[in-house]
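Working notes, structure below.
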Amino acid sequence: AGMSDLALVVTVAAITYATRLSFMLRSRTAPVGRVGRFLDVFPLALFIAIATSGLAAPGGTPEVTPALAAAAGGVLGAIIFRRNLWGVLGLGAVAFYVVRALTG
């Protein structure tokens with residue numbers, strides 16, 4: 001017999017929360033050098049990879065969609081506002097709504 005969907009979600013959430021909490025409770029210094037630089041930009045790169053994986057059309061042909069515009073606006077916001085969260089979210093949202101209004 002398999003695990004129910006709810007039990008699976010709760011188990012994965014508990015494991016994720018516990019691992020993150022364990023890192024927050026340990027006192028340690030932030031990594032420096034190449035590792036520190038990698039860890040500084042890795043979350044943004046990972047988010048972009050996850051967010052853009054569903055932007056291609058089901059047939060495999062890229063098309064300009066509101067989601068694609070939001071991703072491009074977010075990347076542009078990261079460049080212009082030096083990875084400021086509100087700049088990324090703001091330009092991403094503006095690009096999303098502009099393309100959505102233009103494409104119907």
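Rounded to the nearest 0.5 Å, atoms CG (Leu21) and OG1 (Thr16) are 12.5 Å apart. Residue Thr65 holds its OG1 atom at 8.5 Å from CZ of Phe96, rounded to the nearest 0.5 Å.
Across all non-hydrogen atoms, the minimal contact from Ala7 to Thr11 is O-OG1, 2.7 Å. Contact record, Val88 with Gly77: CG2-C, 4.0 Å, taken as the closest heavy-atom pair. Contact between Ala95 and Gly73 at its shortest, heavy atoms only, is CB-CA, 4.0 Å. Closest heavy-atom contact between Ala69 and Val99: CB-CG2, 3.2 Å.
Residues Val94 and Leu102 fall within the same hydrophobic cluster, defined by Ile, Leu, Val, Met, Phe, Trp and Tyr side chains chained together at heavy-atom separations under 4.5 Å. Cluster annotation: Leu8 is not connected to Ile15 through the hydrophobic network of ILVMFWY side chains, with a link wherever side-chain heavy atoms come within less than 4.5 Å. Linking Ile, Leu, Val, Met, Phe, Trp and Tyr whenever their side-chain heavy atoms come within less than 4.5 Å puts Tyr17 and Leu25 in one cluster. Clustering ILVMFWY residues whenever any of their side-chain heavy atoms sit less than 4.5 angstrom apart, transitively, puts Leu76 in the very cluster that holds Phe81.
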